[in-house]
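What follows is a set of notes on a single structure, which appears directly below.
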Amino acid sequence: MDWTVSEHSFEPWRITANGNKYMTGNGYMDFRGVLEEFGKEQLAAVTLAGVYDRAGEKWREPVNAPNGLYTLITSDGIKLSVLEIEPLEHTQRLDLHSAVHRRETVFGVREGGRLTLTAERFASMDQLHLLAARWTLHCTADCRIEITTGIDGAVWDINGPHLLEQQSRSAGGGLLSTAVTGELGLPVAVAEHTEFSLAEQGTVMDIDIITDMGRALRHISFDAKAGETYEWYKYAAVFTGLDAEDGTGEGSPDDWAVQTVQAAAATGYAGLLEAHRCKWAERWSRSDCVIEGDEEAQFALRYSMYQLLIIAPTKSEKVSIPARGLSGQVYKGAVFWDTEMFMLPFFLHSDPGIARNLMMYRIHTLDGARRKAAEYGYLGAFYAWESQDTGDDACTLFNVNDVFTGRPMRTYFRDKQIHISADVVHGIWQYVTFTGDDSILADGGAEVIWECARFFYSYAHYNPVKRRYELLDVTGPDEYHERVNNNAFTSAMVQETLKIALRTAERLQDKYPAVYNGLAEPYSDGPFLDEFTAMLAQLYVPQPDPDTLVIEQFDRYLQLEDVSLAELKARVIHPNEYWGGGNGLAATTRILKQADVVLMLHLFQEPVQQGSEAGQLGIL
């Protein structure tokens, strides 16, 4: 079975897509799948996990670090870049098994000669702050070669700039670029070291160092001989002020970066690559899943798992997985409920340590969820629709522009998707039940669970006529239908939250009584276990219809227009018009953006089947 993603030509229109397609990473940072001569115009980026910044009044987004692997080669004054001249041959590959990116490009040179460039690189899974690359150059005709390589400080940003006070200099036998982020003043440092073996081949080199703002480059020129192969290695390290919290040791990001590339050069590329491959082999041994008889499905599955592995928080418990991974700044680098629902199960099976990190991120961002609940006038914790480093909601109130009027459209993703708090509770409890590690409850998980339950208690409406609690004016995962009543998925998840809150109390009283007493005391004057019990007993959760066994997605969903997708598409006036919201095409129909009930049945399938006849939706 082939583990390689590859293509064998260069097409300019694929640059952006290939940046995503050929990414490498290790959970601390991801390096977009660009070619080494590319810059910010081609969206070259080293995206850092958990480092956010806001420029002016624009929305906050992840910070991209300067590119320490930048390299441009010139032959007889002609830039050997696919952006400048058409290559004779070009191949780009990504080995999923070892997470190594490789490019091989052949250019025509003087007298009909051929010059072949190969570059191999990886983001070390063994040393998370390190990037390493190996270059070779081979030509069939004599030519004058110039290599410009080092740190490119011209950083791609959507809403930047985010790196201020950029400076560069020589340091420790290599190069160093430093900056601070604009919003928090967080230091960012990138060090680079290049090892040339040209002198060993008797090659005379001219070397110049260029330092300008955040750019730190060395310029090497030499006469290349026909038939000779020239090789060199590059090492780059990235550190920020946040790394001090992870026990990096004495010093500053500048010091750590320089020391890391010096140590890398001492170890050598081969040793670093072997350690990196061993880490990846270990990961695949825990996570690989074999599909027999369908190579296309097998490859698709492994590619998907690879993407999860390069963005997972391998070390820090203060970061999670953003919606677009670490591919750049799209989606604000925000963490959504998808992490708990769709990604957490993979790590529960393959790497419980990473699963714990994902849920600890929610524990560390509890205060942000509390601030959001208070902002809307509720108790407890209302988790963010778009969560960043603090847990405060990065989602705006106007997320879509009306294509007909140009006016911003009010959406309710932030305000009404209360299921997010329940999704967080579900994730924590899944971790506890799957791994048996209930210490996460004592480490803050119980507090999160109880705060989310308090939020739902304060949000729910008690209907005295029907004598039940209802969840009104909510938006489920299906964003086409906003502000509905008694969304089945949301109600089922809230029911689960209340049950988990009660079970958590039992678990703590049994195993961690001191923790229980310390956490329970602040709730002595407010909604807590008795209120959770009462709400649980009277909470309305939509049940299967006795005749059809269909669970209605929300109140009066089946009264909406039953139209086919093809017919709805035929009503589209503008290709970019939004289908949801108050006036969207789908809002008055049964067409869904996400099938809430299907997801609910997936999560609770056996209890629903057993409980349908009794008219009760048992969950735990």
Side-chain angles (χ1 to χ4, degrees), residues 320 335-341 344 358-387 390-393 414-433 438 440-461 469-477 487 489-508 515-516 519-520 522-523 526-536 539 541 600 603-604 619-620:
S320 185
V335 178
F336 287 73
W337 67 291
D338 308 61
T339 301
E340 283 76 23
M341 287 293 105
L344 179 66
L358 292 173
M359 299 323 305
M360 288 300 299
Y361 162 79
R362 294 297 194 179
I363 292 171
H364 287 297
T365 54
L366 173 59
D367 284 343
R370 282 177 168 142
R371 286 190 289 269
K372 181 179 177 182
E375 174 189 349
Y376 285 96
Y378 299 110
L379 302 174
F382 184 4
Y383 272 87
W385 173 238
E386 296 180 356
S387 182
T390 65
D392 294 282
D393 208 322
R414 170 193 174 112
D415 314 68
K416 301 300 179 181
Q417 296 219 42
I418 66 170
H419 66 84
I420 305 162
S421 288
D423 302 333
V424 170
V425 172
H426 174 80
I428 293 174
W429 197 252
Q430 284 290 295
Y431 173 80
V432 171
T433 56
D438 57 15
I440 196 171
L441 299 176
D443 290 341
E447 189 173 11
V448 168
I449 292 167
W450 291 342
E451 287 290 80
C452 290
R454 293 179 74 234
F455 165 67
F456 291 128
Y457 181 83
S458 67
Y459 191 97
H461 167 73
Y469 286 92
E470 296 181 302
L471 296 166
L472 308 180
D473 194 14
V474 302
T475 301
N487 173 264
F489 173 85
T490 302
S491 298
M493 294 298 291
V494 171
Q495 184 184 59
E496 184 194 30
T497 297
L498 295 171
K499 289 190 175 185
I500 289 172
L502 297 173
R503 290 201 171 188
T504 297
E506 294 174 358
R507 185 76 63 95
L508 289 187
V515 173
Y516 173 83
L519 287 176
Y523 303 128
F528 193 43
L529 299 182
D530 290 343
E531 287 79 5
F532 299 165
T533 302
M535 181 177 170
L536 179 61
L539 179 65
V541 179
M600 182 188 73
L603 296 177
F604 310 124
I619 292 179
L620 291 179

Salt bridge (charged side-chain N to carboxylate O under 4.0 Å, His left out) against [X], all qualifying residues, sequence neighbours excluded:
X	answer
Asp438	Arg507, Lys511
Asp473	Lys416, Arg483
Arg414	Glu375

Between atom [atom1] of [X] and atom [atom2] of [Y], what is the distance when rounded to the nearest 0.5 Å?
X	Y	atom1	atom2	answer
Leu366	Cys452	CG	SG	7.5 Å
Ser421	Trp337	OG	CH2	13.5 Å
Gln417	Asp423	CD	CG	9.0 Å
Met535	Ser458	CE	OG	9.0 Å
Met341	Phe489	CE	CZ	5.5 Å
Lys372	Asp393	NZ	CG	4.0 Å

If you compare all heavy atoms of [X] against all heavy atoms of [Y], which two are closest, and at what distance to 0.1 Å?
X	Y	answer
Ala453	Phe532	CB-CZ, 3.5 Å
Pro527	Leu379	CG-CD1, 3.6 Å
Ile363	Asp443	CG2-O, 3.7 Å
Leu519	Ala446	CD1-CB, 3.9 Å

Side chain to side chain donor-acceptor pair (under 3.5 Å) partners for [X], two or more places apart:
X	value
Glu447	Arg370
Tyr361	Ser387
Thr490	Asn487
Thr390	Asp392

Residues in side-chain contact (heavy atoms from CB on, under 4.5 Å) with [X], at least two apart?
X	result
Glu340	Met359, Arg362
Ala520	Tyr516, Phe528
Asp415	Tyr376, Leu397, Arg410, Tyr412
Glu506	none

So do [Y] and [X] actually touch side chain to side chain, heavy atoms under 4.5 Å?
X	Y	value
Glu386	Phe336	yes
Thr504	Trp429	yes
Thr365	Tyr383	yes
Val424	Ile428	yes
Leu441	Ile449	yes
Thr339	Leu344	no
Arg454	Glu451	yes
Trp450	Leu508	yes

Parallel under 30°, tilted from 30 to 60°, perpendicular over 60°: which one fits the rings of Tyr457 and Tyr469?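 Plane angle between 30° and 60°, so tilted.
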List for me each residue that meets ring-ring contact (aromatic ring centres under 6.0 Å, His included) alongside Phe455, sequence neighbours excluded, and say none if there are none.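 If we apply the ring-ring contact (aromatic ring centres under 6.0 Å, His included) test to Phe455, skipping adjacent residues, the hits are Tyr378, Phe382, Tyr459.
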